[in-house]
Trainee: 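This is the structure, below, for whatever I ask next.
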Amino acid sequence: MKVWIDSERCQGHGRCYDLAPDLFGEDDEGYGTVLGGGEVAAGQEPEARLAVANCPERAVEAVNGAAR
């Protein structure tokens, strides 16, 4: 699984990095950033899905495999 953030939609609510701090961080202005190139380890998939489901702007996305 791989995650990414659509920077055009991100409004800086911070739910992604609050819910999945191993996958997401924040920049100097509080907007979400993807850590580690977006690769999600097998045990982190529930965190990734939680971040996707809780983004109010739907800026966090995930896909199985290396597509994107």
Trainee: Could you grab the distance from atom CG of Asp27 to atom SG of Cys10, nearest 0.5 Å is fine?
Mentor: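 The distance works out to 7.5 Å.
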Trainee: How would you list, by chain and number, every residue that makes a side-chain contact (heavy atoms from CB on, under 4.5 Å) with Glu8, sequence neighbours excluded?
Mentor: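 side-chain contact (heavy atoms from CB on, under 4.5 Å) list for Glu8, sorted by chain: Asp6.
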Trainee: If every non-hydrogen atom of Ala59 is compared with every non-hydrogen atom of Arg9, which pair is closest and at what distance?
Mentor: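 Shortest heavy-atom contact: CB-CB, 3.7 Å.
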Trainee: Please tabulate, for the side chains in residues 11-19, all donor-acceptor contacts under 3.5 angstrom to protein atoms that are two or more places apart in sequence or on a different chain.
Mentor:
unit_1	atom_1	unit_2	atom_2	d
His13	NE2	Glu57	OE1	3.4
His13	NE2	Glu57	OE2	3.2
Arg15	NH1	Asn54	O	3.2
Tyr17	OH	Glu26	OE1	3.4
Tyr17	OH	Gly30	O	3.0

Trainee: What I'd like to find out is whether the side chain of Val60 reaches to under 4.5 Å of the side chain of Phe24, using heavy atoms alone.
Mentor: yes
Trainee: Could you work out, with side-chain contact (heavy atoms from CB on, under 4.5 Å) as the rule, every residue matching Val40, not counting sequence neighbours?
Mentor: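 Residues passing side-chain contact (heavy atoms from CB on, under 4.5 Å) with Val40: Met1, Val3, Leu23, Gln44, Glu45, Ala48.
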